[in-house]
S.K.: 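There's a structure below that I have some questions on.
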Protein chains: 2
Amino acid sequence: MRRTDVLTLAILGTLAEKPLHGYEIRKRLGASLGPFRALSYGSLYPALKRMVTEGLITVDDQGPDPSTNRRSRIAYRLTDAGTTQLAEELASSGASSWDDDAFDVRFAMFDKTDSATRLRILEGRRGRLSERLEEISQGLKAMRERHDRYTAELQRHGLERVEREVEWLDQLIENERSATRGKDDPASAG
Amino acid sequence: MRRTDVLTLAILGTLAEKPLHGYEIRKRLGASLGPFRALSYGSLYPALKRMVTEGLITVDDQGPDPSTNRRSRIAYRLTDAGTTQLAEELASSGASSWDDDAFDVRFAMFDKTDSATRLRILEGRRGRLSERLEEISQGLKAMRERHDRYTAELQRHGLERVEREVEWLDQLIENERSATRGKDDPASAG
DNA sequence: TGCCAGTTATATCGCGCCGATACATCGAGC
DNA sequence: GCTCGATGTATCGGCGCGATATAACTGGCA
């Protein structure tokens, strides 16, 4: 069973709106995920090739225009299989939806995701962070005697960062729940 | 010119205190860097091998004890070259000290680092984050029209996270400066 | 006494993804 | 006409992760 990796998902999601060429895919992804977390061409182009062979996307490439002798831009387009795959992924909400490397990609596609799935993913992520919180607290308690000031400070800051994200998630979960409570079909048009 | 990667540096630093075997190195690194950010054995053992061939560390391995027939644990020990290399790295404060993947490792070794270098690294990191802040703000301004609620929220949260780290750094920088101002040899005893 | 599970311990393999690099075209400013 | 930066496609080397294999020791429990 072929698990869709984050990169593939990100590309499928970007291509859902309309066909694009590689450079543009990267730009959009960079814009929605932030300046860091931008995927490199060293991942993008091989991934696109792979996705073509897997039948998820097709290529519009007319070759160099004989009149201008200029290479036409390659436009990638979702196939039916790609669309199906994307839909399946967007409906899934397993651990691969809230892992560190996957969560923000999934989150960036929340407007393509139904409310129930959104909620499950947010809660899953929150659960993961709770474990983390526990681990860090354990570590902080266990170290006590040894460990210099800076190592301790690093831990403390890490702990705070995770706590912040939990607060953020709690807020989002609350929003999601109240939206669901409000009406059966929450803001599908909004 | 062979640039010391983060992993090598982390191992050198861990071995500085006393000779250890692989498993213990990983445990200590996990403890000082946090439950996430723990390096895998798939990186550790190859790195140790490489470092042996590079002459940075040596191996104490007596082979299986004939009486118990039990494999003795392999203890890795810094060579003079390794000690020198570590000292050089600890005195350096270039971009490779404040990159995302390197900063926390360098920070965890701050008690082995002199105050002036600590300050340069903290300021370097702060500079890097300032750029980031600028990029994100640019992005947020540029998107405005397009972009759904969730993408915007992701950006906002990312921005906040970076702002938090900047505050944290400012505090650390302030401490470092006041310690330096206070006396020439700042709190070497803690 | 015997068994099972968890921890300690070393090691390899596949591979995803990044950073560097190369090459080519285009538009804007000088 | 020239240079510079953005657009655009593509490959290569390699780092480090996750999964996996192996094996001895340790503690709990029956």
Side-chain angles (χ1 to χ4, degrees), chain A residues 1-11 19-31 33 35-52 54 59-65 67-76 95-96 99-102 104-105, chain B residues 1-11 19-31 33 35-52 54 57 59-65 67-76 95-96 99-102 104-105 142:
Chain A
M1 161 75 189
R2 180 85 182 74
R3 280 263 326 288
T4 313
D5 59 307
V6 206
L7 181 51
T8 304
L9 177 59
I11 295 173
L20 298 168
H21 55 275
Y23 192 86
E24 182 67 19
I25 292 174
R26 186 180 190 266
K27 248 180 45 181
R28 299 209 175 191
L29 239 27
L33 296 177
F36 39 111
R37 184 78 195 170
L39 84 168
S40 75
Y41 294 123
S43 325
L44 178 61
Y45 286 108
L48 286 171
K49 277 196 171 183
R50 196 200 63 228
M51 290 169 71
V52 169
E54 288 174 348
V59 183
D60 288 358
D61 187 4
Q62 289 80 18
D65 186 330
S67 66
T68 64
N69 196 29
R70 180 185 170 187
R71 178 166 59 181
S72 69
R73 294 191 303 191
I74 299 173
Y76 295 94
S96 58
D99 277 342
D100 284 333
D101 56 337
D104 47 1
V105 171
Chain B
M1 161 78 189
R2 180 88 181 72
R3 280 266 323 289
T4 313
D5 58 307
V6 204
L7 181 51
T8 304
L9 177 59
I11 295 173
L20 298 168
H21 56 275
Y23 192 86
E24 181 68 20
I25 293 174
R26 187 182 190 265
K27 250 179 44 181
R28 300 209 173 191
L29 239 27
L33 295 178
F36 40 111
R37 183 80 197 169
L39 85 169
S40 76
Y41 294 122
S43 323
L44 178 60
Y45 286 108
L48 287 170
K49 277 196 169 182
R50 196 200 64 228
M51 289 168 73
V52 169
E54 288 174 348
I57 55 178
V59 183
D60 289 357
D61 186 3
Q62 288 81 16
D65 186 329
S67 65
T68 63
N69 196 29
R70 180 185 169 188
R71 179 167 59 181
S72 67
R73 295 190 304 190
I74 300 173
Y76 295 93
S96 58
D99 277 341
D100 284 333
D101 57 336
D104 46 2
V105 172

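Here is how names work: the chains are called A, B, and so on, in the same order as the sequence lines, proteins then strands, and each is numbered from 1. Computation of the quantities below employed the complete heavy-atom set of this structure, encompassing side-chain atoms and omitting hydrogens, waters and symmetry-equivalent molecules.
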S.K.: Check salt bridge (Lys or Arg N to Asp or Glu O under 4.0 Å) between A:Lys49 and all other residues, then give those that pass, not counting sequence neighbours.
M.R.: none
S.K.: Separation of A:Glu54 atom CD from C:dG16 atom C1', in whole Å?
M.R.: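 Answer to the nearest Å: 13 Å.
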S.K.: What is the distance, to the nearest angstrom, from the CG atom on B:Asp5 to the C1' atom on C:dC18?
M.R.: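 B:Asp5 atom CG is separated from C:dC18 atom C1' by 14 Å.
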S.K.: Taking OP1 and OP2 of D:dT9, is either one under 4.0 Å from a side-chain nitrogen or oxygen of A:Tyr45?
M.R.: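 Answer is yes, contact under 4.0 Å.
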S.K.: Between C:dT10, D:dA10, C:dC17, which nucleotide has the shortest distance from any of its atoms to the side chain of A:Tyr76?
M.R.: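 In terms of side-chain proximity for A:Tyr76, the closest of C:dT10, D:dA10, C:dC17 is D:dA10.
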S.K.: What residues, two or more places apart in sequence or in another chain, satisfy salt bridge (Lys or Arg N to Asp or Glu O under 4.0 Å) together with B:Asp99?
M.R.: B:Arg128
S.K.: Roughly how far, to the nearest 0.5 Å, is CD of B:Glu24 from CG of B:Leu29?
M.R.: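 Going from CG on B:Leu29 over to CD on B:Glu24, the span is 11.0 Å.
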S.K.: What contact category does B:Leu44 fall into here, base, sugar-phosphate, or nothing, at under 4.0 angstrom with non-hydrogen atoms?
M.R.: nothing
S.K.: To the nearest angstrom, how far is A:Leu39 atom CG from C:dG19 atom C1'?
M.R.: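 The distance from CG of A:Leu39 to C1' of C:dG19 comes to 13 Å, rounded to the nearest Å.
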S.K.: In whole angstrom, what separates A:Ile11's CD1 from C:dG16's C1'?
M.R.: 12 Å
S.K.: Distance from B:Leu20 atom CG to B:Ile57 atom CD1, nearest 0.5 Å?
M.R.: 11.0 Å
S.K.: For A:Arg37 and for B:Gly42, locate the closest nucleotide of DNA chain C by heavy-atom distance; then report the residue assigned to the nucleotide nearer the 5' terminus.
M.R.: B:Gly42
S.K.: I need the CG-P distance between B:Leu48 and C:dT10, as an integer number of Å.
M.R.: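 It works out to 9 Å between those atoms.
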S.K.: Return the value, rounded to whole Å, for the distance between atom CG of A:Asp101 and atom P of C:dC17.
M.R.: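 These atoms are roughly 8 Å apart.
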S.K.: Whole angstroms only, please: what is the OH-C1' distance between B:Tyr41 and D:dG16?
M.R.: 15 Å
S.K.: Quick one: A:Arg26 CZ to D:dG8 P, roughly how many Å, whole number?
M.R.: 13 Å
S.K.: For D:dC17, does either OP1 or OP2 sit under 4.0 Å from a side-chain N or O belonging to B:Ser43?
M.R.: yes
S.K.: Could you grab the distance from atom CG of B:Leu7 to atom CG of B:Asp101, nearest 0.5 Å is fine?
M.R.: 11.0 Å
S.K.: Please state whether the phosphate of C:dT8, meaning OP1 or OP2, lies under 4.0 angstrom from any side-chain nitrogen or oxygen of B:Tyr23.
M.R.: yes
S.K.: Compare the minimum distances between each of C:dC17, C:dT12, D:dT11 and the side chain of B:Pro46, then state the nucleotide with the smallest one.
M.R.: C:dT12
S.K.: Counting only side-chain N and O atoms of A:Lys49, is one of them less than 4.0 Å from OP1 or OP2 of D:dT11?
M.R.: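 Result: yes.
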